[in-house]
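Take a look at the structure below.
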Amino acid sequence: MSTEQPPAVVRRGTNLDRVGGFNDTVVLDAIRRADQRLSRVEIAAATGLSGQAISNITRRLLVAGLVREAGRQKSTGLGKPRTLLELEPTGQYAVGVHLDPAVVTVVILDLTGQVVARRRAETPATDDPGLLIAGIAATVEEVIAEASAPRERVVGVGIAAPGPIDVERGVVVNPPNLAAWHLVPLRDALRERTGLPVLLDKDVTAAASAEKWAGGSNGRGSFVFFYLGTGVGAGLVIGDEVVRGSSSNVGEIGHVIVDPDGPICYCGRRGCVGEASQPRFLVQQAMQAGILAQGIDLDDRRAVDGAFAALCSQAGEGVEAAREIITAFAARIAKVVEDIANLLDLERVVFGGPHWDQLAPFFGEFVRAAMVERFLVRSVHPFVVTGTALGADVGAVGAASLVLDHTFSPNPSVLLLGPAESALAAAQVVSVER
């Protein structure tokens, strides 16, 4: 059975009057999604627009600095070679921030979605919102400077934060692994400090968006992005569309019970996958098994992260007790993946997050083997288990791609305004669309 992924879906334009802004974004999106540079004739064929419409649109995009000419096609002997078009990487930039309870990552992307500069730092142990926001704002300025990005071309900042969040108000509500954060107006606070438009979204949704935006075949069709960090979460893409839920809080899977005899969760029940997946719980198990030294402070996040890395290292070296703890962890995750995949008839799970690199050697084969047995429609199509194509930056890349997405959205106010006005329009579109 073939596992070849379907081609990316390209929107079709319309040749009716008064829809020029929509058609501009259709053309820009077609250029972005193409696996190779396109001629105007090929763009017309892909979008269904007339040759004259394509000529007018590409002229506007060239003037706006969003696309550039990139050589000519080889002549087939039938007329002169056609000029090829591609995105102009320096046409726009977007900053992405991923706030994880353990680490803060800040990246800046060019218009093609490539990371131009990045910064990573441990999240302050105090969790103090003011201190953390000030640090993020300073880091945003650092990555803009490092990228040599003209400020007028930086269209905004996207933030990926742990849920639950209030997208309409731009507020981080009460994430379980950031104890000092309660109703923190993160979006507005960062906008005031940077002077840039800011979008806030959930971390797993941003990660799923990143995979869809820049993950190649990983990001096509229907899949779950399974986030493995201080907590766990699931971002969903169904039929090439990111699923957000009624309040943009889709993916709160932490209270799915995977072990009735497991640890007591703060919700009062036993065996919730979120609690049973915490590094502190796995480290506690390792101490009880005698494979990590006693006395590790389970309330010290940095100490726990170091001990968790040591546990994964021992498992990789073949220490049996360590392998049992990690494979039991993988079994709990596989159970959740099984339920989501069967419920939604998905094509794949994409694992990512701060701890994926440490867990990949154990999770990949174990979850793959489990799903071979448990995926109910395996006789119709396979279920693929894979890791993110975007590495540890996936959450931050996703946050930035949310900003860039509005450059390619079918809203004429977002596309060809000046840089500052364009970014502001993008921020306004978010509040309307969500």
I'd like to check [X] versus [Y] (side-chain heavy atoms, cut-off strictly below 4.5 Å). Are they in contact?
X: Val198; Y: Arg187; answer: yes
X: Leu109; Y: Leu404; answer: yes
X: Pro260; Y: Arg270; answer: no
X: Asp188; Y: Arg191; answer: yes
X: Leu359; Y: Phe351; answer: no
X: Pro175; Y: Pro101; answer: no
X: Ile238; Y: Glu241; answer: no
X: Phe223; Y: Leu344; answer: no

Could you report the tightest heavy-atom contact between [X] and [Y], atom names first, then the distance?
X: Val237; Y: Gly221; result: CG1-O, 3.6 Å
X: Ala206; Y: Ala160; result: CB-CB, 3.6 Å
X: Glu275; Y: Ile264; result: CG-O, 3.8 Å
X: Pro162; Y: Leu178; result: CG-CD1, 3.9 Å
X: Ser209; Y: Leu402; result: OG-CD2, 3.6 Å
X: Val394; Y: Gly353; result: CG1-N, 4.3 Å

Looking at [Y] and [X], is there a salt bridge between them, counting it only when a charged N and a carboxylate O are closer than 4.0 Å?
X: Arg220; Y: Asp240; value: no
X: Asp305; Y: Arg301; value: no
X: Glu141; Y: Arg151; value: yes
X: Glu252; Y: Lys202; value: yes

Begin from the C-alpha positions of Leu183 and Arg169 and carry the test side chain to side chain contact (heavy atoms under 4.5 Å, CB included) through to its verdict. CA-CA 10 Å; Leu183 298 178; Arg169 294 189 297 154; 4.1 Å; yes
How far does [atom1] of [X] sit from [atom2] of [Y], to the nearest 0.5 angstrom?
X: Thr105; Y: Arg118; atom1: OG1; atom2: CZ; result: 9.0 Å
X: Arg32; Y: Leu38; atom1: CZ; atom2: CG; result: 13.0 Å
X: Leu282; Y: Ile326; atom1: CG; atom2: CD1; result: 5.5 Å
X: Phe383; Y: Asp345; atom1: CZ; atom2: CG; result: 10.0 Å
X: Ile253; Y: Ile333; atom1: CD1; atom2: CD1; result: 6.5 Å
X: Leu131; Y: Ile136; atom1: CG; atom2: CD1; result: 10.0 Å

Does [X] use its side chain to pair, donor to acceptor, with the backbone of [Y] at less than 3.5 Å?
X: Asp110; Y: Gln114; result: yes
X: Arg153; Y: Thr90; result: yes
X: Ser313; Y: Ala309; result: no
X: Thr194; Y: Leu190; result: yes
X: Asp393; Y: Ala396; result: no
X: Glu211; Y: Ala389; result: yes
X: Thr230; Y: Pro279; result: no
X: Asn342; Y: Leu376; result: yes
X: Arg348; Y: Asn218; result: yes
X: Asn249; Y: Ile165; result: yes

Would you sort out whether Phe226 and Val336 count as a side chain to side chain contact (heavy atoms under 4.5 Å, CB included), showing the intermediate values? CA-CA 10 Å; Phe226 205 103; Val336 180; 3.9 Å; yes
Before you tell me yes or no, could you show the steps for Leu311 and Gln285 under side chain to side chain contact (heavy atoms under 4.5 Å, CB included), namely the whole-Å CA-CA distance, both residues' side-chain angles and the distance that decides it to 0.1 Å? CA-CA 10 Å; Leu311 172 62; Gln285 286 186 309; over 6 Å; no
Evaluate the criterion side chain to side chain contact (heavy atoms under 4.5 Å, CB included) for residue pair Ile340 and Leu236; output intermediate values, then yes/no. CA-CA 10 Å; Ile340 297 172; Leu236 288 172; 4.1 Å; yes
For His355 together with Phe363, are the ring centres under 6.0 Å from each other? no
Evaluate Glu365 against Arg368 for salt bridge (charged side-chain N to carboxylate O under 4.0 Å, His left out), listing each step before the verdict. CA-CA 5 Å; Glu365 289 304 319; Arg368 190 174 294 111; 2.7 Å; yes
Evaluation steps, salt bridge (charged side-chain N to carboxylate O under 4.0 Å, His left out), between Lys335 and Asp259: CA-CA 10 Å; Lys335 178 64 173 65; Asp259 179 9; over 6 Å; no
Trace of the salt bridge (charged side-chain N to carboxylate O under 4.0 Å, His left out) decision for Glu146 with Arg119: CA-CA 10 Å; Glu146 183 180 338; Arg119 288 280 193 277; 2.3 Å; yes
